[in-house]
Q: 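Input: one structure, supplied below.
As the structure is a prediction and not an experimental result, all values here were calculated from the model.
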Amino acid sequence: QVDTFEPQDPISSCQLPTGTMKTVLRLSNIGLILAAFAGSLSSAQEIHVKKPAVVVVTLFPGEWQHWHELLLKEELPFPAGASGVPLGWNEEMKVLGLVTGEASKNTAQSITALGMDPRFDLRESVWMLAGIAGFDPLQLPLGSVVMGHHLVDGDQARYIDPREIAKNWTTGWLPPNRSEPFGVPAPSANEAWKAGVAYTLSEPLLEWAHERTKNIKLDPLTEMQRVISAPYAAAYPKTTEDPQIIIGDTLSTDFFWAGELTTEWARTWMKYWTQGRATFSNCAMEDIAVAQSLAGLHRIGRVRDPFEAYLVLRSASNFVMPPPGVAPGDFDGSFVPDPAFKNVYNVGLEIIKGIVAGEAPLDGKAKAAQGESTLTIWA
């Protein structure tokens with residue numbers, strides 16, 4: 001029996017370019033990662049290697065807490081990770097989980113460290129990021145869960161201070177290799193891919209995950225969420241609806257931002273890099289860093305192709321812009337994480353059950369990795 005998350009007080013408290021700088025670890029760091037594990041293994045020591053069916057990726061301890069308390073209770077040391085938090089393991093379901101640490105650099109370090117960890121055979125594992133995020137009030141209410149289809153990087157850009165931009169420009173953020181915002185021609189899918197800016201995750205896996213979870217009854221808005229949403233209602237009526245589970249599109253940036261103008265930039269940036277296919281739903285930091293780290297690990301045979309076996313779940317803890325009439329500098333973010341923690345856990349748990357049961361479409365067929373194998377590791 002696997003527990004679902006029911007807090008006492010819900011209001012408490014493929015191939016990618018190798019030159020993508022933000023997620024590339026220096027060789028010295030990789031050496032430290034390998035040395036952290038090799039030091040504890042004697043020459044030719046035989047170890048039992050765990051084969052996770054699913055790897056749950058969380059980004060900070062708040063997101064991790066309920067996964068650890070309810071599902072991933074066994075702790076395993078993880079000295080090479082950036083967060084300092086042990087891994088979690090469920091032997092019965094063969095599910096592994098980690099806390100990467102926030103931001104792309106910490107995420108890249110932790111995912112690469114886990115991918116090179118000799119204690120695990122990750123070649124058949126599905127990776128599932130389960131976190132919270134800021135959402136566009138134009139699209140969804142608080143507490144909603146988005147499964148990422150298009151992932152777009154907002155950090156790979158040229159920046160000019162808005163006080164110095166041309167009068168007819170709408171923003172100081174310029175695409176690489178363009179001389180003005182949203183310069184023409186718009187990037188092709190191939191250019192976006194090679195630049196490491198936009199990626200598309202597996203549609204069969206996403207559609208299967210959504211079909212399996214779309215009828216989960218998420219809790220209605222809490223009193224606190226209703227209070228926060230009320231000032232948005234007239235301009236953004238979807239903010240007053242019950243939380244939903246949808247397939248959407250995610251922007252990744254390592255800088256915190258808020259405001260109507262930046263939200264409009266995000267909406268346009270998403271469409272610009274995806275030939276008009278993506279609609280901005282939420283913004284977070286780490287989604288592309290996970291994808292790029294897994295792609296590198298895939299090239300050396302350590303993990304599956306992430307664009308066949310990587311899911312991104314994000315639940316709405318706040319809106320990315322203040323309500324009408326409130327200046328961005330006066331906006332406190334109105335952060336309500338607990339309902340989002342609960343919803344992303346319960347949706348993710350249902351997906352995990354299906355993967356473990358062998359129901360997920362991987363490489364065009366249902367497959368799950370379970371059990372243990374024995375390998376000989378030479379230090």
Q: Using atom types as modelled and distance alone, determine if a side-chain donor or acceptor of Asp330 lies under 3.5 Å from a backbone N or O of Val326.
A: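 Such a contact is absent between Asp330 side chain and Val326 backbone.
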Q: Is there a donor-acceptor contact under 3.5 Å from the side chain of Thr100 to the main chain of Thr107?
A: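 Here the side-chain-to-backbone pair does not exist.
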Q: Between the main-chain N or O of Pro237 and the side-chain N or O of Thr240, is there a donor-acceptor pair closer than 3.5 Å?
A: yes
Q: Between Glu264 and Arg267, is a salt bridge (Lys or Arg N to Asp or Glu O under 4.0 Å) present by the stated rule, with each step listed?
A: CA-CA 5 Å; Glu264 189 55 45; Arg267 293 167 182 161; 3.1 Å; yes
Q: Whether the side chain of Ser317 engages the backbone of Ala133 through a donor-acceptor N/O pair (distance < 3.5 Å, no angle test) should be reported.
A: yes
Q: Between Gly131 and Leu59, what is the shortest heavy-atom contact and its length?
A: CA-CD2, 4.4 Å
Q: What class does the angle between the rings of Trp265 and Trp269 fall in, given that below 30° is parallel, 30 to 60° is tilted and above 60° is perpendicular?
A: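 Judged by the thresholds at 30° and 60°, the geometry between Trp265 and Trp269 is tilted.
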Q: Would you say the side-chain atoms of Asp117 pair up with the backbone N or O of Phe120, donor to acceptor, closer than 3.5 Å?
A: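 Judged by distance alone, no pair lies under 3.5 Å.
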Q: Can you confirm if the aromatic rings of Tyr272 and Phe182 lie within a centre distance of less than 6.0 Å?
A: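 Phe182 vs Tyr272: aromatic centres under 6.0 Å.
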Q: Please determine if Glu359 and Lys353 form a salt bridge, counting it only when a charged side-chain N lies under 4.0 Å from a carboxylate O.
A: no
Q: Please check if Trp208 and Ile216 belong to a single hydrophobic cluster, counting links between Ile, Leu, Val, Met, Phe, Trp and Tyr side chain heavy atoms closer than 4.5 Å.
A: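 Trp208 and Ile216: one cluster.
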Q: How far apart are the C-alpha atoms of Thr274 and His150, what are their side-chain angles, what is the distance that settles it, and do they pass the side-chain hydrogen bond (donor to acceptor under 3.5 Å, both in side chains) test?
A: CA-CA 8 Å; Thr274 60; His150 299 287; 5.5 Å; no
Q: Indicate, with yes or no, if the rings of Trp173 and Tyr159 have centres closer together than 6.0 Å.
A: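 That pair passes the under 6.0 Å test.
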Q: Here's a test for you: under salt bridge (Lys or Arg N to Asp or Glu O under 4.0 Å), which of Asp287, Asp136, Asp249 qualifies with Arg314?
A: Asp287
Q: With a 4.5 Å cut-off on side-chain heavy atoms, are Pro86 and Phe78 touching?
A: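 No, too far: nothing below the 4.5 Å cut-off.
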Q: Aromatic rings Phe341 and His66: how do their planes relate, parallel, tilted or perpendicular, breaks at 30° and 60°?
A: tilted
Q: Quick one: CZ on Arg299 to CG on Asp305, what's the gap to the nearest 0.5 Å?
A: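 Answer rounded to 0.5 Å: 10.5 Å.
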Q: Quick one, Thr250 and Val152 - any side-chain contact, counting heavy atoms below 4.5 Å?
A: no
Q: Is there a donor-acceptor pair under 3.5 Å between the side chain of His210 and the backbone N or O of Lys214?
A: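 It does not hold such a pair.
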Q: Just checking, any donor-acceptor pair under 3.5 angstrom between side chains of Trp67 and Gln65?
A: no
Q: Between Leu96 and Leu114, is a side-chain contact (heavy atoms from CB on, under 4.5 Å) present by the stated rule, with each step listed?
A: CA-CA 10 Å; Leu96 182 67; Leu114 182 58; 3.9 Å; yes
Q: Check this for me: Phe256, atom CZ, are more than 12 non-hydrogen atoms of other residues, nucleotides or ligands nearer than 6.0 Å?
A: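 It does not: Phe256 CZ has 12 such atoms or fewer within range.
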Q: Within the supplied structure, the quantity of interest is the number of heavy atoms (other residues, nucleotides, ligands) at a distance under 6.0 Å from Glu308 CD; does it exceed 12?
A: yes
Q: Testing Ile228, Asn343, Thr239 one by one against Leu142 for a side-chain contact (heavy atoms from CB on, under 4.5 Å), which residue passes?
A: Ile228
Q: Quick check: closest heavy atoms across Gln244 and Pro141, and the distance to 0.1 Å?
A: NE2-CD, 3.9 Å
Q: Can you tell me if Ser104 and Asp254 form a side-chain donor-acceptor pair at under 3.5 Å?
A: yes
Q: Roughly how far apart are Met321 CE and Phe331 CZ, rounded to 0.5 Å?
A: 8.5 Å
Q: Looking only at atom types and distance, does a side-chain atom of Glu286 sit under 3.5 Å from a main-chain N or O of Leu129, one as donor and one as acceptor?
A: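 The answer is no, because no donor-acceptor pair under 3.5 Å joins these two groups.
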Q: Looking at every non-hydrogen atom in both residues, tell me the closest pair between Thr112 and Ala108 and how far apart they are.
A: OG1-O, 2.8 Å
Q: Compute the ring centroids of Phe307 and Trp193, then answer whether they are less than 6.0 Å apart.
A: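 Between Phe307 and Trp193, the centre distance is under 6.0 Å.
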Q: Measuring from Leu251:CG to Asp153:CG, what's the distance to the nearest 0.5 Å?
A: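 Output value for this atom pair is 8.0 Å.
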Q: Could you tell me the separation between the OG atom of Ser293 and the CD1 atom of Ile288, rounded to the nearest 0.5 Å?
A: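 One finds 11.5 Å between OG of Ser293 and CD1 of Ile288.
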Q: Taking side chain as C-beta onward, heavy atoms only, is Phe280 less than 4.5 Å from Val320?
A: yes
Q: Evaluate the side-chain proximity of Gln225 to Pro339: yes if any heavy-atom separation is below 4.5 Å, no if none is.
A: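 Pro339 vs Gln225: side chains touch.
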Q: Do the non-hydrogen side-chain atoms of Glu75 and His68 ever get within less than 4.5 Å of each other?
A: yes
Q: Side-chain contact, heavy-atom cut-off 4.5 Å: Leu140 with Val146?
A: yes
Q: How many angstroms lie between CD1 in Ile132 and CG in Asn318, if you round to the nearest 0.5 Å?
A: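 One finds 7.5 Å between CD1 of Ile132 and CG of Asn318.
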Q: Do you know which two heavy atoms are closest between Ser315 and Phe135, and how far apart they sit?
A: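 The pair with the smallest heavy-atom distance is C-CE1, 3.7 Å.
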Q: Enter the distance from Ile246:CD1 to Met147:CE here, rounded to the nearest 0.5 Å.
A: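 The distance works out to 10.0 Å.
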Q: Knowing that exactly one of Val56, Leu76, Thr58, Leu87 qualifies, which makes a side-chain contact (heavy atoms from CB on, under 4.5 Å) with Leu98?
A: Leu87
Q: With no hydrogens and no angle check, is any side-chain donor or acceptor of Asp338 less than 3.5 Å from a backbone partner on Ala340?
A: no
Q: Starting from the C-alpha separation in whole Å, work towards a yes-or-no answer on side-chain contact (heavy atoms from CB on, under 4.5 Å) for Tyr310 and Leu205.
A: CA-CA 9 Å; Tyr310 173 39; Leu205 184 59; over 6 Å; no
Q: Using every non-hydrogen atom in the two residues, find where Ser83 and Gly101 come nearest and quote the distance to one decimal.
A: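 Scanning both residues completely, I find the closest heavy atoms to be CB-N, 3.7 Å.
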Q: Which residue in the set Lys51, Arg304, Lys94, Arg302 passes salt bridge (Lys or Arg N to Asp or Glu O under 4.0 Å) when paired with Glu124?
A: Arg304
Q: Hydrophobic cluster membership, with links at side-chain heavy-atom distances under 4.5 Å among I/L/V/M/F/W/Y: are Phe255 and Leu174 in one?
A: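 No; tracing contacts between hydrophobic side chains, which count when under 4.5 Å, never links both residues.
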Q: Dump the intermediate steps for side-chain hydrogen bond (donor to acceptor under 3.5 Å, both in side chains) on Glu63 and Tyr345, then the final yes or no.
A: CA-CA 9 Å; Glu63 293 174 342; Tyr345 173 84; over 6 Å; no
Q: Are more than 12 heavy atoms from other residues, nucleotides or ligands located less than 6.0 Å from atom CG of Leu261?
A: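 No, because the 6.0 Å sphere around CG of Leu261 holds 12 heavy atoms or fewer from other groups.
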Q: Do Leu71 and Ile352 have side-chain heavy atoms sitting under 4.5 Å apart?
A: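 Yes. Closest side-chain heavy atoms under 4.5 Å.
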Q: Looking at Val347 and Thr213, what are the two nearest heavy atoms and their distance?
A: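 Closest heavy-atom pair between Val347 and Thr213: O-CG2, 3.8 Å.
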Q: Checking Asp332 against Ser334: is there a side-chain donor and acceptor pair closer than 3.5 Å?
A: yes
Q: Before giving the answer on side-chain contact (heavy atoms from CB on, under 4.5 Å), spell out for Tyr199 and Gln292 the whole-Å C-alpha distance, their side-chain angles and the decisive distance to 0.1 Å.
A: CA-CA 10 Å; Tyr199 309 115; Gln292 291 176 326; 3.1 Å; yes
Q: So, do Ser229 and Phe319 sit near enough that their side-chain heavy atoms are less than 4.5 Å apart?
A: yes
Q: Given 3.5 Å as the limit, does a donor-acceptor pair link the side chain of Ser144 with the main chain of Pro243, or not?
A: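 Not at all, since once roles are kept as given, no pair shorter than 3.5 Å links the two residues.
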Q: Applying a strict under-4.5 Å side-chain criterion to I, L, V, M, F, W and Y, I'd like to know whether Ile165 and Trp257 cluster together.
A: no
Q: Is a donor on one side and an acceptor on the other found under 3.5 Å between the side chain of His149 and the backbone of Ile247?
A: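 Such a contact is absent between His149 side chain and Ile247 backbone.
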